[in-house]
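Single-structure report; data block below.
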Amino acid sequence: TPATQAEIQAMVTAVNVEVVAIATSDTVITEIGTAANDADVTSSVTTAKLESIVPALTGVNAANESAYQAYINENADAFSSPATQAEIQAMIKAVNELQGSVAESDEVLKDIGADADSETVASEVTASELGKILPALSNVVSANESAYQKYIDANADKFSTPATQAEIQAMVTAVNV
């Protein structure tokens, strides 16, 4: 049977929606490629714009919007002009992983600062946790784990709350000597 007017209208509407979605997506990937490859252009891509890219990106996190912008601005070699969906997806994955690592690092630094300040709680920081601190510490020795804990407990005045990477690196260096 021939298509009805309603069926044809539904098809036209669906095609028009898809054309608009593709045009919007193309605008965003062009914007990202331009921002990445032109030193005079700073990325202002939003998570809403990232979510308009087709095929759809996964893992877009609104909390990481400024980190996505910074990544675009700092990694020209990661993007074509215009960028591709795959390049943008790789950026989202890299940024999300880094932001997760930053959160883990911050948590370890917070715990060490609190342990150092506590007269009743002994430090239980592990060498594995020290390995999560960013920027990465040099020369963390697993066999020195208990010595690191004792140093934290005995030297409250050497740690901020939260502790800093530099303070922890100084501790590692002092303990390892």
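- Follow the hydrophobic side-chain contacts under 4.5 Å out from Val175 and you reach Val141 in the same cluster.
- Between Lys49 and Glu31 there is a salt bridge, since at least one side-chain N of the basic residue sits less than 4.0 Å from a carboxylate O of the acidic one.
- Asp111 CG to Thr161 OG1: the interatomic distance, rounded to the nearest 0.5 Å, is 11.0 Å.
- The two residues Ala36 and Ala76 have their closest heavy-atom pair at O-CB, 2.9 Å.
- Annotation: side chain of Val15 is not in contact with side chain of Glu18 (no heavy-atom distance under 4.5 Å).
- Considering Asn96, Thr46, Asn73 in turn, Asn96 is the only one that fulfils the side-chain hydrogen bond (donor to acceptor under 3.5 Å, both in side chains) rule with Tyr68.
- Looking at Ile112 and Ser123, their side chains never come closer than 4.5 Å, going by heavy atoms from C-beta outward.
- In this structure, Val60 and Ile92 approach most closely via the heavy-atom pair CG2-CD1, 3.6 Å.
- A salt bridge links Glu107 to Lys110: at least one charged side-chain nitrogen sits closer than 4.0 Å to a carboxylate oxygen.
- Put simply, CG on Asp106 and CG on Leu134 are 8.5 Å apart, with the number rounded to the nearest 0.5 Å.
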task = Show the numbers, then the answer: is there a side chain to side chain contact (heavy atoms under 4.5 Å, CB included) between Thr47 and Asn61?
result = CA-CA 7 Å; Thr47 52; Asn61 183 337; over 6 Å; no

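- In this structure, the side chains of Gln149 and Val125 come closer than 4.5 Å at one or more pairs of heavy atoms.
- Interatomic distance, Gln89 CD to Leu57 CG, rounded to the nearest 0.5 Å: 5.0 Å.
- Each of Thr42, Val45, Ile88 was checked for a side chain to side chain contact (heavy atoms under 4.5 Å, CB included) with Ile72, and the lone residue meeting it is Val45.
- Without hydrogens or angle criteria, Thr34 side chain to Thr30 main chain gives a donor-acceptor distance under 3.5 Å.
- Judged by distance alone, the side chains of Tyr148 and Asp153 never bring a donor and an acceptor atom under 3.5 Å apart.
- Heavy-atom contacts from other residues, nucleotides or ligands closer than 6.0 Å to CD of Glu124 number 12 or fewer.
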request  = Start with the C-alpha distance between Ser43 and Ile32, add both sets of side-chain angles, then the distance that settles side chain to side chain contact (heavy atoms under 4.5 Å, CB included), and finish with yes or no.
outcome  = CA-CA 7 Å; Ser43 176; Ile32 291 170; 5.5 Å; no

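- Put simply, the side chain of Thr84 gets close to the backbone of Glu87: a donor and an acceptor are under 3.5 Å apart.
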ask   = Do Ile133 and Leu109 pass the side chain to side chain contact (heavy atoms under 4.5 Å, CB included) test, and can you show the C-alpha distance, the side-chain angles, and the key distance before you say yes or no?
value = CA-CA 7 Å; Ile133 293 175; Leu109 293 170; 4.0 Å; yes

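- When side chains are defined from C-beta on, Asn144 counts as touching Asn176, because their heavy atoms get closer than 4.5 Å.
- In the displayed structure, Asp157 atom CG is contacted under 6.0 Å by more than 12 heavy atoms of other residues, nucleotides or ligands.
- When all heavy atoms of Ala116 and Ala156 are compared, the closest pair comes out as O-CB, 3.0 Å.
- Side chains of Gln9 and Thr13: a donor-acceptor N/O pair is present below 3.5 angstrom, by distance only.
- To the nearest 0.5 angstrom, Gln69 atom CD is 9.5 Å from Met91 atom CE.
- Taking the side chain as every heavy atom from C-beta outward, Ile29 and Gln85 never approach each other to under 4.5 Å.
- Although no hydrogens or angles enter the test, the distance criterion places a donor-acceptor pair under 3.5 Å between the side chain of Ser25 and the main chain of Val54.
- Put simply, Val102 and Leu137 are part of two different groups of oily side chains (I, L, V, M, F, W, Y) that touch within less than 4.5 Å, one to the next.
- The shortest non-hydrogen separation linking Thr24 to Ser52 is CG2-OG, 3.6 Å.
- Leu98 and Tyr71 fall into different hydrophobic clusters, defined by Ile, Leu, Val, Met, Phe, Trp and Tyr side-chain heavy atoms under 4.5 Å apart, directly or through other members.
- The backbone N or O of Asp77 sits nowhere less than 3.5 Å from a side-chain atom of Asn75 that would complete a donor-acceptor pair.
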message = Test side chain to side chain contact (heavy atoms under 4.5 Å, CB included) on Thr126 and Glu145; report intermediate values, then the result.
response = CA-CA 6 Å; Thr126 65; Glu145 186 173 281; 3.4 Å; yes

